Amino acid sequence: MINEEIADIFEKMSRVLAFKGANRFRALAYERAARSLRDLEEDLPEMAREGKLEDIPGIGKDLAGKIQEYIKTKRIRQCDQERRDVPEGLIALMDIPGLGPKTLSLLHEKYQIRDLDDLRRALDTGKLEKLRGFGKKKIDNIQRGINLWLARHQRMPLGIALPLAEKLLDDLNGIKQVERADIAGSLRRRRETIGDIDLLVISTDSPRALREFTKLPSVKQVIGLGDTRATVIIEGGIQVDVRSVARESYGAALQYFTGSKQHNIHLRTLAQKKGLKLNEYGVFRGEKRLGGAREDEVYRLVGVPVMPPELREDHGEIEAAMEGRLPKLVDLPDLRGDLHMHTNYSDGRATIAEMVEGAAALGYDYIALTDHSPSARIANGLDRKRLEAKIEELERVRKQRGERRPRILLGVEVDILADGRLDYPDEIIARCDVVVAAVHSSFRQSRDRMTKRLLDAIANPYVHILAHPLTRLMGSRDAVEFDFERIVEAAVEAGVALEVNAQPLRLDLTDAMARAAQEAGAVLAINTDAHSVAQLELIRYGVSQARRGWIEARSVVNSWPWTKFSRWLGQRRKRKSKAA
DNA sequence: GCCGTTTTCGGCCCGACTGTTTTCAGTCG
């Protein structure tokens, strides 16, 4: 997409300028612009045609001209020129922790270092020690930064980071000097991938508490240790920052370290306009401290109602809060059922009875057991005969449990074949209470074919849910390509729900797509796709993803009471009979 | 390079930590 291409150019430009020692605010302007373009929903060429480029935050006359130039010629001359004398590999090195533009610039000038290999050679031969300002510690730090960079080149999925952080919280709470500990940062905002783990504590003796923290068994390496902050590496090469603050500043610190950066800048700007100063210690007017012990107090003083962390991306939540139109985000207790899970009839590990028992423990009112259709051979998809066997067993479990919840619905996860047909004939899926359709093969079809394929599936009157629409697997498989707007439109028209799949490597739909779908009037289903009893608990990742997408319970079919939900299940089929 | 309820110039979020510095620059979040 052209927006991304231009954002990349601006991002690089920002780094090139910093490297060259240009006015740092000029570099910052490019960085801001790049971010703004990445957040943009509209197509740049379209906005250019309508003369609306300068409406984009951070885009002024000059950058609008550069965007125009790129749309016309696929390049931006001034950016190409600026980049000419800066080696490509050097720019990438700015991602290494501890290496900034100034240091790299010096290394380039003195030793002609152009890329990672040059840098490592220079380190190995001990050349750097001769440079002014380069002591042993600094050189060690660069070496460590390189290792870290190589190890965690990719961000960690939320589903790995959150349990690790929760374990660390337990450990912190076990330290005598720690009064309270919380998760902050992108983890608290539940971003789908996490760079570092940020933790915050109140302590009776901060230096001591932090020292104790660095001695925990899970800590592999101490990067930094001060009176208010400790930075360590834990197992798996993950960086953890712990900050200790006074009780009266805790709310301000929690707000500050939760971010996002853009959200904070926006909030600070508002504070400034009111003549206030907002930092991690509190809200101040001049020297006078107005508050900061509680997070909601910080927001209130700035004149913005507090909002859930998942919204804090500066994607319109501050404006929405001030205008009193914050969404009532869906939450875990809202969910009354899970509509996508597998048993040992296909590739799940647990029996029907075990899955039902697990769902009962979560307090669900209804669930659908959705095993695979036959073309999913690796997943042991059910042919007609085994489907009959499953139906019989399901009946047995139903009888055994009597009136006890959850209600057990016969479901199926039917493959959407490459040509758009479903992997069961209508007469079979018509017998299922809940039909979940999904792509599991031919991922690389053209955008047009994939769009048609999904439209065909949505058009089938027995389909209730389009599962994991993007079909991505983080770190191993890219999302399939299709015209999302058309799919949403068709789903709204048909009353088909789009899934927010809670599997940590899927998180599919994305937050932005879920939000766009809800805005277009679509309904959603938040499901685990569980393959074991334990995986039923993954639901929280689906919920946090939905919350990041501003999703309200009213849009989530499996938060609806049984009568409303069962009516929705039946509605599709009535339409069919009306049409027939 | 952007931007404006201190507005067309002069700011731009702001504080902690580190290392090597004798008073601060670089980097990070």
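No experiment lies behind these values; they were computed from the predicted model shown. Naming convention: chains lettered A, B, ... in sequence-line order (proteins, then strands); numbering from 1 in each chain.
- Within residues 245-262 of chain A, the residues approached by DNA chain B to less than 4.0 Å at the level of any non-hydrogen atom are A/Tyr256, A/Lys261, in residue-number order.
- The CG-P distance, from A/Asn279 to B/dC28, rounds to 22 Å in whole Å.
- OP1 or OP2 of B/dA16 has at least one side-chain nitrogen or oxygen of A/Tyr281 nearer than 4.0 Å.
- A salt bridge is defined here as a Lys NZ or Arg NE, NH1 or NH2 lying under 4.0 Å from an Asp or Glu carboxylate O, and A/Asp80 with A/Arg75 meets this definition.
- For the C1' atoms, the distance from B/dA16 to B/dG10 is 28 Å, rounded to whole Å.
- Distances from the side chain of A/Arg243 to the nucleotides B/dC13, B/dG1, B/dG29 place B/dG29 closest.
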Between A/Gln78 and A/Lys66, does a side-chain hydrogen bond (donor to acceptor under 3.5 Å, both in side chains) hold up when you go through it step by step? CA-CA 9 Å; A/Gln78 198 198 330; A/Lys66 289 190 165 75; 2.7 Å; yes
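- Straight-line distance between the P atoms of B/dT21 and B/dT27: roughly 16 Å, to the nearest whole Å.
- Nucleotide B/dC28 holds its C1' atom 15 Å from the CD1 atom of A/Ile96, rounded to whole Å.
- Going from the P atom of B/dT18 to that of B/dC13 covers 25 Å, rounded to whole Å.
- Using P as the reference atom, B/dC3 and B/dT8 are 16 Å apart when rounded to the nearest Å.
- Comparing A/Asp241 and A/Asn264 along DNA chain B, the residue whose closest nucleotide (by nearest heavy atom) sits nearer the 5' end is A/Asn264.
- In this structure, A/Ile146 and A/Leu123 have side chains that are in contact, with non-hydrogen atoms separated by less than 4.5 Å.
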A/Ile76 vs A/Tyr70, test: side-chain contact (heavy atoms from CB on, under 4.5 Å). Steps then yes/no. CA-CA 6 Å; A/Ile76 301 171; A/Tyr70 186 83; 3.8 Å; yes
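- For the pair A/Asp227 CG and B/dG15 P, the computed distance is 18 Å after rounding to whole Å.
- Distance CZ (A/Arg144) to C1' (B/dT18): 11 Å, rounded to an integer number of Å.
- Here salt bridge (charged side-chain N to carboxylate O under 4.0 Å, His left out) pairs that include residues 25-34 of chain A, with residues two or more places apart or in two chains, are A/Arg26-A/Glu82.
- In this structure, A/Arg38 pairs ionically with A/Glu4, as a charged nitrogen and a carboxylate oxygen lie closer than 4.0 Å.
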At under 4.0 Å between heavy atoms, how does the protein contact nucleotides 20-25 of chain B? Give one character per nucleotide, 5' to 3', with B, S or -. S-----
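- Counting only heavy atoms from C-beta on, A/Thr228 has its side chain closest to B/dA16 among B/dC2, B/dA16, B/dC13.
- Of the nucleotides present, none pairs with B/dT8 by Watson-Crick or G-U wobble criteria with both distances under 3.5 Å.
- Using a 4.0 Å heavy-atom distance criterion, A/Lys274 is classed as making no nucleic acid contact.
- Taking the C1' atoms as reference points, B/dG29 lies 28 Å from B/dT22, given to the whole Å.
- Here A/Asn23 lies in heavy-atom contact (under 4.0 Å) with a base.
- Residue A/Thr103 is in sugar-phosphate contact alone, with no base atom involved, counting any heavy-atom pair closer than 4.0 Å across all strands shown.
- Note on A/Arg24: nothing from the nucleic acid sits closer than 4.0 angstrom, heavy atoms only.
- For the C1' atoms, the distance from B/dT6 to B/dC12 is 15 Å, rounded to whole Å.
- Within residues 106-120 of chain A, no residue approaches DNA chain B, by heavy-atom distance under 4.0 Å.
- Contact annotation: side chain of A/Asn141 to base of B/dG19, donor-acceptor pair absent below 3.5 Å.
- Sorted by first and then second residue, the side chain to side chain donor-acceptor pair (under 3.5 Å) pairs with a member in residues 303-328 of chain A read A/Asp39-A/His315, A/Arg189-A/Glu313, A/His263-A/Glu317, A/His266-A/Asp314, A/Glu295-A/Arg312, A/Tyr299-A/Arg312, A/Glu310-A/Arg547, A/Glu313-A/Arg548, A/Glu323-A/Arg325; sequence neighbours excluded.
- The separation between A/Leu28 atom CG and B/dC3 atom P is 12 Å, rounded to whole Å.
- Between A/Arg268 and A/Ala64, the one whose closest nucleotide on DNA chain B sits nearer the 5' end is A/Ala64.
- The closest side-chain heavy-atom distance from A/Asp115 to A/Leu90 is not below 4.5 Å.
- Residue A/Val330 comes nearest to A/Ile526 through the heavy atom pair CG1-CD1, 4.2 Å, listed as atom of the first residue, atom of the second, then distance.
- For the pair A/Met94 CE and B/dG26 C1', the computed distance is 13 Å after rounding to whole Å.
- Taking side-chain N and O atoms only, A/Lys273 has no distance below 4.0 Å to OP1 or OP2 of B/dG4.
- Annotation: salt bridge (charged side-chain N to carboxylate O under 4.0 Å, His left out) contacts involving residues 214-231 of chain A, sequence neighbours excluded, comprise A/Glu212-A/Lys215.
- B/dT20 and B/dC14 have their C1' atoms separated by 24 Å, with the value rounded to a whole Å.
- Rounded to a whole Å, the CD1 atom of A/Ile9 is 15 Å from the P atom of B/dG1.
- In this structure, A/Gln272 reaches the B/dC14 phosphate: one of its side-chain N or O atoms is under 4.0 Å from OP1 or OP2.
- Separating the NE2 atom of A/His263 from the C1' atom of B/dG29 is a distance of 16 Å, rounded to the nearest angstrom.
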